[in-house]
Amino acid sequence: MASVGPPTASTQPALPSGLAVFKTIPYAFILPEILCGTWVWILVAATSVAFPLLQGWVMYVSLTSCLISLLLLFGYLFGFHKNSENWKVLDSLYHGATAILYLSAAVLQANATIRSEFETTSLYYQLNTAASFFAFVTTFLYVLHAFSIYYQ
């Protein structure tokens with residue numbers, strides 16, 4: 001027989017707002033995502049862009065996700081979420097989709113790096129290598145964020 005009693009309170013933790021965003025684990029990944037993503041598009045923009053189709057997609061994904069993550073960070077900092085459960089779903093879906101897009105961009109950037117090894121100067125190769133590294137780091141950060149908020 002089921003026990004009849006007062007409903008239990010939800011065990012869902014409250015969404016952080018203000019500076020608590022930087023102290024809460026899934027949301028603390030937003031700032032490193034923005035910083036590493038910014039490095040990706042700065043480094044790609046600093047090269048000669050020998051493969052515009054490949055690196056154009058990298059620029060699009062990195063710049064767009066950087067701007068959307070910045071808007072999401074401001075939303076958390078200023079408390080626009082009002083502790084709504086929909087923000088967790090939005091955050092999880094956004095970071096999951098962006099992780100997939102960033103993985104495709106990181107692979108394309110690595111391909112452009114490998115192809116530019118003998119075609120361009122060593123400075124552009126080094127910039128492409130750094131962009132590939134930061135693209136994979138950013139992908140990892142987006143995956144960590146998506147999984148940590150999903151399992152929270």
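Values below: every heavy atom of this structure, side chains too, minus hydrogens, waters and symmetry copies. Since the structure is predicted, the reported quantities are computational estimates derived from the model, not experimental observations. The residues of the chain are indexed from 1 along the displayed sequence.
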Do the side chains of V58 and F133 join up, straight or via other hydrophobic residues, at under 4.5 Å, putting them in one cluster? yes
May I have the step-by-step check of side-chain contact (heavy atoms from CB on, under 4.5 Å) for Y125 and T129, ending in yes or no? CA-CA 6 Å; Y125 176 71; T129 304; 3.8 Å; yes
[atom1] of [X] to [atom2] of [Y]: how many Å apart, nearest 0.5 Å?
| X | Y | atom1 | atom2 | answer |
| --- | --- | --- | --- | --- |
| I34 | T38 | CD1 | OG1 | 7.0 Å |
| N128 | L123 | CG | CG | 9.5 Å |
| T113 | Q126 | OG1 | CD | 11.5 Å |
| I68 | E33 | CD1 | CD | 12.0 Å |
| I42 | T47 | CD1 | OG1 | 12.5 Å |

Measuring only between side-chain heavy atoms, which start at C-beta, is W39 closer than 4.5 Å to V137? no
Please check if the side chain of S92 supplies one atom and the backbone of K88 the other of a donor-acceptor pair under 3.5 Å.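 Between the backbone of K88 and the side chain of S92 there is no qualifying donor-acceptor contact (under 3.5 Å).
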Side-chain donor or acceptor of S69 paired with backbone N/O of I30 under 3.5 Å: no
Y76 ring center near W87 ring center (under 6.0 Å): yes
How close do [X] and [Y] get, heavy atom to heavy atom, and via which atoms?
| X | Y | answer |
| --- | --- | --- |
| A46 | L127 | O-CD1, 3.8 Å |
| A131 | L43 | N-CD1, 3.7 Å |
| S48 | Y124 | CB-CE1, 3.5 Å |
| S62 | G37 | CB-O, 4.0 Å |
| A99 | V143 | CB-CG2, 3.6 Å |
| W41 | M59 | O-SD, 3.5 Å |

Would you sort out whether L101 and W57 count as a side-chain contact (heavy atoms from CB on, under 4.5 Å), showing the intermediate values? CA-CA 9 Å; L101 293 175; W57 177 250; 3.8 Å; yes
Report the relative orientation of the aromatic rings in H145 and H95; use parallel for angles under 30°, tilted for 30 to 60°, perpendicular for over 60°. parallel
Crowding at CZ, F140 (>12 non-hydrogen neighbours, <6.0 Å): no
Please check if the number of heavy atoms outside L53 that lie under 6.0 Å from its CG is greater than 12.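 Open: at most 12 neighbouring heavy atoms sit under 6.0 Å from CG of L53.
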Polar side chain donor-acceptor pair, S65 to T98, under 3.5 angstrom: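 T98 and S65 do not have a side-chain donor-acceptor pair below 3.5 Å.
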For L54 and Q109, what are the C-alpha separation, side-chain angles and deciding distance, and is it a side-chain contact (heavy atoms from CB on, under 4.5 Å)? CA-CA 7 Å; L54 300 178; Q109 179 59 37; over 6 Å; no
Check the pair Y27, D91 against side-chain contact (heavy atoms from CB on, under 4.5 Å), reporting the backbone distance first and the verdict last. CA-CA 9 Å; Y27 309 102; D91 196 351; 3.3 Å; yes
